[in-house]
Number of protein chains: 2
Amino acid sequence: MGKSGSKAPSIRDVAHAAGVSTATVSRTLSNPDVVSETTREAVFLAIRETGYTVNLAARNLRKRETGAVAILLPNLANPFFSRILSGIAEVMSEAGLSVLISDTTPMAKDDHRLPEYVNQNNVDGIIVLDGNLRQDALLNRGSPEVRAPMVFACEWISQIDRPIVTVDNQEASVRAVQHLLSLGHRRIGHICGPPDNVLTASRLEGARGAMQSVGLRMKPEWIYPGDFSLQSGSEAAKIWHGSSDRPTAVYCACDEMALGFIGELTRRKVAVPQEVSVVGFDDLDMAAHFVPSLTTICQPRVTIGRTAARLLLERMRMTPQERSARPAPRVVLPVKLAVRESTAPPPG
Amino acid sequence: MGKSGSKAPSIRDVAHAAGVSTATVSRTLSNPDVVSETTREAVFLAIRETGYTVNLAARNLRKRETGAVAILLPNLANPFFSRILSGIAEVMSEAGLSVLISDTTPMAKDDHRLPEYVNQNNVDGIIVLDGNLRQDALLNRGSPEVRAPMVFACEWISQIDRPIVTVDNQEASVRAVQHLLSLGHRRIGHICGPPDNVLTASRLEGARGAMQSVGLRMKPEWIYPGDFSLQSGSEAAKIWHGSSDRPTAVYCACDEMALGFIGELTRRKVAVPQEVSVVGFDDLDMAAHFVPSLTTICQPRVTIGRTAARLLLERMRMTPQERSARPAPRVVLPVKLAVRESTAPPPG
DNA sequence: CTGAAAGCGCTTACAG
DNA sequence: CTGAAAGCGCTTACAG
């Protein structure tokens with residue numbers, strides 16, 4: 001159980017107790033096969049007796065590692081990220097790495113700074129979930145040799161050539177719209193993501209393209225602005241409701257907007273899907289429990305997290321040279337269309 | 001910008017460049033007032049030239065600190081925690097500490113282990129948001145002198161005497177039920193939290209007590225089991241719907257269950273609040289946007305996070321002796337009742 | 001298989 | 001105000 005002393009037991013205490021050198025204790029821990037069985041047992045006994053646990057700061061200093069990875073995400077309060085985080089945390093924890101989470105919202109576009117520990121490279125790797133960070137902030141982290149490897153997930157910055165884990169946003173949008181087309185819809189609208197988001201264009205283009213390929217057109221007035229928030233979804237509903245030339249179905253760039261949209265419509269006595277069909281994107285937990293339950297594109301969020309984590313671990317094992325020699329992979333994960341109650345044939 | 005070398009610049013490089021000792025560089029960084037202005041400027045210039053940033057592992061080793069705090073929470077995927085996390089991250093980041101997040105779900109009751117970095121005290125402090133962790137796992141972290149301080153938030157473990165940040169769950173429940181009483185309800189039910197959760201009893205007792213104090217009784221068949229999940233809310237709705245002796249209002253121990261309850265009822269063509277009123281607890285983002293919007297107890301989640309973080313910082317500044325001498329405070333934060341569409345006078 | 005020794009990059013009494 | 005030196009607790013060639 002460890003004696004009650006004024007400081008934690010160190011490797012020296014263990015060495016004393018076991019009658020060996022600190023080097024041997026260290027080897028027993030990191031490479032047990034290289035020490036004799038007798039020694040090994042003596043050391044393990046001494047470790048138990050003293051209650052020793054390795055001091056990570058010392059190990060990290062010596063090994064020139066940090067034992068930590070940073071996750072940069074735009075909004076900790078957004079439920080979209082929680083499962084991704086979960087997937088990352090799971091893989092990193094298995095790898096013995098700790099996960100530092102940093103909400104990037106405070107550091108808006110005008111703020112160049114990243115969290116201290118990222119800027120100073122006090123992490124061994126970085127996963128970026130925010131495509132709106134400043135490019136220079138992300139790259140000015142010392143010379144290439146000391147810069148921790150980085151991977152993007154979900155969002156990315158086109159100018160920065162790093163591995164990306166994502167879904168085919170355009171193809172997913174095509175699927176969403178084809179579902180509406182197959183129900184008989186011909187007038188299909190879209191609530192967009194934020195204008196400055198990398199995903200916004202591909203989701204809009206996918207939707208537009210799907211319509212064009214069957215000879216239809218998405219009227220500009222059916223394209224509603226949005227910013228991924230519940231609020232912007234209800235704003236879109238107000239516009240929809242106030243217009244005389246309405247789409248019979250609306251494909252939304254994310255679930256939150258879809259739920260905000262449906263909520264506002266329901267409040268205005270507009271029935272979904274009887275009067276208008278709605279499709280979302282993401283498949284938040286709430287999507288299946290909302291009334292009506294939401295037809296949506298299901299992003300494999302835990303898998304995205306796990307994949308990004310594994311990709312990062314892989315890059316961390318490479319030398320800077322290997323990393324820059326090897327092209328940054330782009331992993332595209334499959335999505336599913338979850339068909340639920342919010343879509344039906346058009347009215348009339 | 002820093003030269004392009006094979007390793008990051010160290011304090012020695014700066015000392016060289018500035019023509020001073022490493023001690024002076026260190027002082028300039030940690031205690032600028034103590035060095036002369038000329039020296040200070042030379043050092044700052046050298047820092048800029050070399051692109052130096054402090055190596056935290058080295059600093060931490062030397063200062064016998066870790067520069068990190070751990071957050072133990074039961075479920076990263078639960079939106080309830082995201083804003084709390086946000087509040088914690090904000091305060092800790094200002095204090096220059098990094099936040100290690102650990103999902104405790106993988107380590108269920110049968111698993112004694114905490115994350116490595118917690119068990120080995122490779123953190124300077126711990127915030128526990130999970131009242132179901134094993135007591136011994138939380139306490140067996142070496143002798144009192146080396147054990148990192150710990151505070152509880154939202155949930156806690158009664159046997160462990162540590163600061164707690166919480167709301168008055170019983171009083172909040174009284175308020176929720178009084179609201180229903182004031183609308184004229186006399187038959188009020190409750191969907192409970194998980195049986196093994198610290199909050200479950202106080203929320204149920206508050207509800208019961210509020211009824212008793214006006215001479216009413218909560219019938220046992222109106223008390224539905226739950227586990228804080230959407231799913232358990234819809235299960236309760238099925239029981240409610242299948243019964244002939246129904247309450248006219250149901251107070252739910254959390255918003256997710258309330259939303260699951262309403263969702264299932266709506267699906268069964270039972271109108272909320274016309275046929276049954278519903279009150280939740282937490283005030284998730286979704287609560288205001290659901291249809292009908294949810295009357296609920298609003299927990300100040302960001303404030304809970306910030307307060308827990310500040311309390312922990314305070315404890316971290318104390319010696320172990322001071323900590324054990326000073327009684328662990330219990331900070332009770334005020335809640336508000338947000339009255340929305342899901343509550344109305346009883347039918348008939 | 002094992003130990004002595006150097007060193008990871010800092011900070012901090014101590015002495016001046 | 002500043003520097004030389006010790007030391008935080010590890011790991012790892014190196015030598016045997």
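Computed from a prediction, not measured in an experiment: that's the story for all the values here. Labels below follow one simple rule: chain letters A, B, ... track the order of the sequence lines, proteins then strands, and each chain is numbered from 1.
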### Message
Taking side-chain contact (heavy atoms from CB on, under 4.5 Å) as the definition, give me every residue that meets it alongside B/Ala57, ordered by chain and number, with sequence neighbours left out.
### Response
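side-chain contact (heavy atoms from CB on, under 4.5 Å) list for B/Ala57, sorted by chain: A/Asn60, A/Leu61, B/Asn55.
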### side-chain contact (heavy atoms from CB on, under 4.5 Å) partners of B/Ala89, counting only residues at least two apart
A/Leu76
So, does [X] get its side chain near the phosphate of [N], meaning an N or O under 4.0 Å from OP1 or OP2?
X	N	answer
A/Ser36	C/dC1	no
A/Ser21	C/dT2	no
B/Ser10	C/dG9	no
A/Thr39	C/dT2	yes

Would you indicate whether the side-chain heavy atoms of [Y] and [X] approach each other to under 4.5 Å?
X	Y	answer
B/Val43	B/Val25	yes
B/Asp13	B/Tyr52	no
B/Val331	B/Leu311	yes

Rounded to the nearest angstrom, tell me the gap between atom [atom1] in [X] and atom [atom2] in [N].
X	N	atom1	atom2	result
A/Tyr52	D/dG9	OH	P	10 Å
A/Asn31	D/dC10	CG	P	18 Å
A/Asn122	C/dG9	CG	C1'	11 Å

### Query
What is the nucleic acid contact for A/Thr53, judged by heavy atoms within less than 4.0 Å: base, sugar-phosphate only, or nothing?
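Sugar-phosphate, no base atom in range.
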#### Entry: Modelled atom types, side-chain donor and acceptor of B/Thr66 and B/Asp124, under 3.5 Å
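Present: a donor and an acceptor within the cut-off.
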### Query
Where each residue is assigned the nucleotide of DNA chain D containing its nearest heavy atom, which of B/Asp33 and A/Val54 is assigned the position nearer the 5′ end?
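Its nucleotide being nearer the 5' end, the pick is B/Asp33.
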### Task
Name the residue closer to the 5' end of DNA chain D, choosing between A/Ile11 and B/Val20 according to the nucleotide with the nearest heavy atom.
B/Val20
### Task
Calculate, to the nearest 0.5 Å, the distance between atoms CE and CD1 belonging to B/Met316 and B/Ile126 respectively.
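Rounded to the nearest 0.5 Å, the CE-CD1 separation comes to 10.5 Å.
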### Message
Just verifying a value: how many Å separate A/Thr104 OG1 and A/Asn132 CG, rounded to the nearest 0.5 Å?
### Response
8.5 Å
### Message
Other residues, nucleotides and ligands only: do more than 12 of their heavy atoms fall within 6.0 Å of CD on B/Glu37?
### Response
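No, CD of B/Glu37 has 12 or fewer neighbouring heavy atoms, counting only those of other groups under 6.0 Å.
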## Note on the structure
Scanning both residues in full, the closest heavy-atom pair of B/Ala68 with B/Leu97 reads N-CD2, 4.0 Å
Any N/O pairs under 3.5 Å between the protein and nucleotides 6-8 of chain C? List them or say none.
residue	atom	partner	partner atom	Å
C/dG7	N2	A/Arg62	NH1	3.2
C/dC8	O2	A/Arg62	N	3.4

### Summary
Annotated structure of DNA chain C as dot-bracket, pair cut-off 3.5 Å, Watson-Crick or G-U only, | for inter-strand, is |||.||||||||.|||
### Message
Under the side-chain contact (heavy atoms from CB on, under 4.5 Å) test against A/Leu73, which residue among A/Asp130, A/Ile88, A/Ile101 passes?
### Response
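It is A/Ile101, the one option of A/Asp130, A/Ile88, A/Ile101 that forms the side-chain contact (heavy atoms from CB on, under 4.5 Å) with A/Leu73.
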For nucleotides 13-16 of chain D, tabulate all protein N/O to nucleotide N/O atom pairs closer than 3.5 Å, reporting atom names and distance.
residue	atom	partner	partner atom	Å
D/dA13	N6	A/Arg27	NH2	3.1

### Task
Quote, to the nearest angstrom, the C1' distance that separates D/dG16 from D/dT12.
16 Å
### Message
Just to verify, what does A/Ser21 make a side-chain hydrogen bond (donor to acceptor under 3.5 Å, both in side chains) with, not counting sequence neighbours?
### Response
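So A/Ser21 forms a side-chain hydrogen bond (donor to acceptor under 3.5 Å, both in side chains) with A/Thr24.
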### Summary
Looking only at C/dA4, D/dT12, C/dC10, the nucleotide nearest the B/Arg59 side chain is C/dC10
